[in-house]
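Structure first, then comments.
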Amino acid sequence: MHDLYQELIIDHGTHPRRFGPLPEHTHHERGHNPLCGDDLTLYLKVEDGVIEKVRFEGSGCAISMASASLMAERLEGLSVDEAKKLFEKVHSLLSGTPVEGLGKIEALSGVCKYPMRVKCATLSWHALMGALEQSSEATEK
Amino acid sequence: MHDLYQELIIDHGTHPRRFGPLPEHTHHERGHNPLCGDDLTLYLKVEDGVIEKVRFEGSGCAISMASASLMAERLEGLSVDEAKKLFEKVHSLLSGTPVEGLGKIEALSGVCKYPMRVKCATLSWHALMGALEQSSEATEK
Amino acid sequence: MSKYRKDFPCYEHYPNLAYLDSAASSQKVACVLEAMTKTYTERYANVHRGIYHLSDIATGDFEAARVTVGKYFNANPDQIIFVRGATEAINLVATSFTQEFLQEGDEVIISRMEHHANIVPWYRLCHEKKAKLVVIECDAKGVLDMDAYRNAFNPKTKMVALTHISNVLGTINPAKEMIAIAKSHQVPILIDGAQAAAHIPVDISDLDPDFYTASAHKMYGPTGVGFLYVKKEHLKGMSPYQSGGNMIASVSFDDITYLEGPMRFEAGTPHIAGSIGFARACEYMMDVGMSYIQSHEQALLMYLQEQIETVDGLEVFGQAPNKIGIVSFAMKGVHPHDIASILDEDEVAVRAGHHCAMPLVKSMNQPALTRISLGLNNNERDIDQCIKSLKKVREIFSA
Amino acid sequence: MSKYRKDFPCYEHYPNLAYLDSAASSQKVACVLEAMTKTYTERYANVHRGIYHLSDIATGDFEAARVTVGKYFNANPDQIIFVRGATEAINLVATSFTQEFLQEGDEVIISRMEHHANIVPWYRLCHEKKAKLVVIECDAKGVLDMDAYRNAFNPKTKMVALTHISNVLGTINPAKEMIAIAKSHQVPILIDGAQAAAHIPVDISDLDPDFYTASAHKMYGPTGVGFLYVKKEHLKGMSPYQSGGNMIASVSFDDITYLEGPMRFEAGTPHIAGSIGFARACEYMMDVGMSYIQSHEQALLMYLQEQIETVDGLEVFGQAPNKIGIVSFAMKGVHPHDIASILDEDEVAVRAGHHCAMPLVKSMNQPALTRISLGLNNNERDIDQCIKSLKKVREIFSA
Ligand SMILES: Cc1ncc(COP(=O)(O)O)c(C=O)c1O
Ligand SMILES: Cc1ncc(COP(=O)(O)O)c(C=O)c1O
């Protein structure tokens, strides 16, 4: 079995879930890696500290798309704090530390052996953190 | 016997002959190697195409001083054409081609094995050619 | 077919490696490494001005390297400046030459297919001087628009900088014609030979450009060294680039005079061993013979172009009639980084990305491309291995 | 006394060589050459952005080299820029940093004892900007006039560039104090560590200069590489130096964005193998231990200073209480080039000339000097051999 390109990754990489715009978003953030061209925008609808809806748009390699897709699926229903904890766990996973309880996201564990690809997998997660660090866009205005 | 520092070289290098100014010179030329600091000025008194008197001043390594001293001794009495031919011969000698009939100057033959020192030995000879290429200074004025 | 492969020690360590990334940097031949080790162990000292034996032979080897590099490119060694590589050479010309005369409103001609090394220094210079960067386009096959080039000249045109061979398309540009056209307008021209030097014969005396450059590391030689050829008439007028030891005739706090010739542009202790290794790589290629190298690589290119047709859903960019062994492509629905990663599992080394040619890759509406590039070290097996692995990619992604 | 001599392969080829020119460039240790050969044969590809295994390990090795060099100098690797050598580093600072703010009438402080590499770039910059080069003198022993330095500052002072150790006198300047003084005037300071790096411990975090540089080839390492340390607060503001691939984030014909960090200043393919060899040399010295290196060289210096007294008619320049193993001298009535030539016959390698420090040598009223310089590779026999040969010179010239 291919370490990096497990079926789940190919599936989510080529048919990303939660893909598309989210006009009613409260937070959004662009993730862009100019060196490899991966480029996505993440939209969140957060209400009362809970991530209600997640969408993303963009293009990139299968790893970055799959990572974003798996993340988007997983995030809905989590509180902002839970999302931040999730980020930490995924960060550990991608740095090579075995982490349990991540479900489908564990399919990304093979990436840590390919330093050049780690940033593809982390792109959407860094966008998530960026989005959450902003105050909601409604309050901004 | 030391190839480079034969007695004759040391003798002429430390006690150069024909050393000093020549107020009545008709030609003069500076030879200067900024990289190693050798610096001399050659004075010629040429009359009716014959080099009557030669003097030089300056400072430098034993090889450059000896070469200038041996040259100065040898030049007096030669015609300008003979001096130019002598230059060619010395040039050959210092490039490693055995040349006969150079008398004391042959003591310089060891220099050709030391590429870094060849320019020390040729300095005065290039000054000679420079001086001879000028028209006499009297005519210049 | 691969009688020179044994000269590449990388295959001793990776017998199954299909190294198809020579355009980024080539693997090294053993004799180059031996020459450098010999320099460092038996013939080493700092060069120039040392009087003792080791310094004398090191200086001799270093200057002989200049002669050898000159011979490889058929250029006078007195016009060969050792630099870090093509990038430094182009920066040197932009700074010490073009900057001296470029005025507001002037124009500098480059092309769509330049490597960033031949874009960014000109972009910055034009920006600083409020001059205009004029870009010659290329057609769908990757052929430079020579009519556009011819028509681009006007009295404001003050410099031309064009690549000899595109590192993405493989296109061999008509350097001689490009140079002649620039010359007919009295505009100096720099040719970036980074991709040409190891693959086609480059006769600088015949081409007669104002500037020509290449990097040793793409020529089976060491890293950290390359050369810049400068036409004699410019060499004298050009102001120094970097300054320090090795390039001055005399220094006081009120006055400094610089050396003439190549050393004027070689400030500081040069990359002595690298220059010697570079020369050894040139010698190696002269021994192999450029005609052998060319026919070997052309045969492999034909084979590759034929075989790659058997992979579904590939679009190849760069179909110029006159090209070297570089094939860049996109695979429908699969990102180049995924391709390169999967190929890597099969020990096939290809490059994926923008290849330091973003304006070109973007003009093809691609986020990135996968590039296969060939060298003297390659054989048909490398290509078979690559094609097989590409088919596997197709399979994985159509599951 | 010389247990590390066996690490230097030059002695296999020249068992009787007394190499006393480490200040110009050091001989190499075997492990450095092995590391580079290994890179070229087993771990080579172009760095950055390559997805396949070899490119990945080459990139890893290259970036690990930055970490090792940082460790050797106790500096953050994110502030270590790989350059060709000290000369390039100083040019980089003069161009990308000082040039950006230096104004007409401003002042740049250097000293009498600088190497041309730390004079010419500042001279040129001051000339261009109509700024003033302020020169701090040193006394007869070769000690920098610290009072003059302290008093040299005024509101016009915008940059200081001083050597850590003089390559002619051997003087170890009080770098920490020099830096503190510049800092107290809010003037940025560059320290040229070319002569310090292999001979005394250099703790950049403790010294806290704005810029620090050294060349690998004087540190038992390869040619063509060195480093520039840049203080974090400057790194961001500094405009790129050379430009091309490897240092940009994105390129179009209308807009270019540059990377942040060291890569912003490393345009083009870097000297990959050289950087790795440089790191290996640092590792080697850390293994030997700087305290061993210092005490070994100090002991030899004492011996040399004692022995050289036994040669008639010598005048030694550079008698600072705090100095490394560099002894420059004049012999009455004998030109340094003649000394070096005669010593060479006895396989004693010393340097004769202005040592790229013309203003200093001229201030001593000498046309040139002969210089003996020591390193880890030397032993007492080298010194005996040199002294014996110097006595021979005396004999020949008093015949
Ligand atoms: C004090 C000092 N600074 C700078 C340099 C220049 O170093 P490099 O020639 O390696 O650039 C040297 C070496 O000669 C030196 O001794
Ligand atoms: C066409 C072209 N020009 C310039 C360069 C830059 O060469 P280097 O990185 O060796 O300076 C390259 C190499 O990537 C190239 O392919």
Side-chain angles (χ1 to χ4, degrees), chain C residues 9-10 13 24-25 27-28 33 37 40-42 44-46 49-54 84-85 87-88 91 115-117 119-121 123-124 133 135 215 217 222-225 242-245 248 250-253 256 267-269 271-274 337 340-341 344 349 351-353 356 358-359, chain D residues 9-10 13 24-25 27-28 33 37 40-42 44-46 49-54 84-85 87-88 91 115-117 119-121 123-124 133 135 215 217 222-225 242-245 248 250-253 256 267-269 271-274 337 340-341 344 349 351-353 356 358-359:
Chain C
C10 62
H13 303 280
S25 197
Q27 293 297 330
K28 310 309 170 200
L33 308 181
T37 301
Y40 279 131
T41 54
E42 302 176 34
Y44 186 76
N46 209 331
R49 290 200 283 286
I51 284 170
Y52 55 87
H53 180 64
L54 274 178
R84 179 170 29 244
T87 301
E88 173 162 75
N91 278 274
H115 185 278
H116 291 164
I119 299 174
V120 191
Y123 173 94
R124 290 179 80 201
L133 203 57
V135 180
S215 300
H217 72 92
T223 56
V225 67
Q242 297 181 343
S243 58
I248 55 91
S250 84
V251 173
S252 77
F253 294 128
I256 291 183
T269 302
H271 187 3
I272 302 166
H337 289 164
S341 276
D344 180 42
R351 192 144 292 234
C356 292
M358 279 194 187
Chain D
C10 63
H13 303 280
S25 198
Q27 292 297 330
K28 310 309 168 200
L33 307 182
T37 300
Y40 279 132
T41 55
E42 301 177 36
Y44 185 76
N46 210 332
R49 290 200 285 287
I51 284 170
Y52 55 87
H53 180 65
L54 275 178
R84 179 171 28 245
T87 301
E88 172 162 76
N91 278 273
H115 185 278
H116 291 165
I119 300 174
V120 191
Y123 173 93
R124 289 179 81 200
L133 203 57
V135 180
S215 301
H217 72 92
T223 56
V225 67
Q242 296 181 343
S243 58
I248 55 89
S250 84
V251 173
S252 75
F253 294 128
I256 291 182
T269 302
H271 186 4
I272 302 165
H337 289 164
S341 277
D344 181 43
R351 192 143 293 233
C356 291
M358 280 193 186

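As the structure is a computational prediction, the values presented were derived from the model and not from experiment. Here is how names work: the chains are called A, B, and so on, in the same order as the sequence lines, proteins then strands, and each is numbered from 1. Only this structure's heavy atoms are used, side chains among them; waters, hydrogens and symmetry mates stay out.
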Query - Leading residue by heavy atom contact count with chain D [cutoff under 4.5 Å; candidates C:A349, C:G245, C:G268, C:P9] - result: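 Result: the option with the highest number of such pairs is C:A349.
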Query raised in the report: So which of C:S243, C:A117, C:A340 has the largest heavy-atom pair count under 4.5 angstrom toward chain D?
Result: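 Result: the option with the highest number of such pairs is C:S243.
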Can you tell me if [X] uses its side chain to pair, donor with acceptor, with the backbone of [Y] under 3.5 Å?
X: D:T223; Y: C:I272; result: yes
X: C:Q27; Y: D:Y44; result: yes
X: C:N46; Y: D:S25; result: no

Report task. Quick one: pull up CG in C:L33 and CG in D:L33 and give me the separation to the nearest 0.5 Å. Result ->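 Reported to 0.5 Å precision, the distance equals 11.5 Å.
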For residues [X] and [Y], determine if any side-chain heavy atom of one lies less than 4.5 Å from a side-chain heavy atom of the other.
X: C:P222; Y: D:Y40; result: yes
X: D:T269; Y: C:T87; result: no
X: D:Q242; Y: C:R84; result: yes

Please classify the contact of [X] with chain C as side chain, backbone, both or neither, using a heavy-atom distance under 4.5 Å.
X: D:R124; value: side chain
X: D:I256; value: both
X: D:H116; value: both
X: D:T41; value: both
X: D:I51; value: both
X: D:I248; value: side chain
X: D:N91; value: side chain

Please state whether the side chain, the backbone, both or neither of [X] comes within less than 4.5 Å of a heavy atom of chain D.
X: C:H53; answer: both
X: C:H13; answer: side chain
X: C:V135; answer: side chain

Requested in this report: Could you check which of D:G353, D:C356, D:A24 has the highest count of heavy-atom pairs closer than 4.5 Å to chain C?
Outcome: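 It is D:A24.
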Requested in this report: Work out which heavy atom in D:F253 is nearest to a heavy atom in C:Y123; give both atom names and the distance.
Outcome: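 Reported closest heavy-atom pair: O-CE1, 3.6 Å.
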**Report entry** Trace of the side chain to side chain contact (heavy atoms under 4.5 Å, CB included) decision for C:S252 with D:M358
**Finding:** CA-CA 7 Å; C:S252 77; D:M358 280 193 186; over 6 Å; no
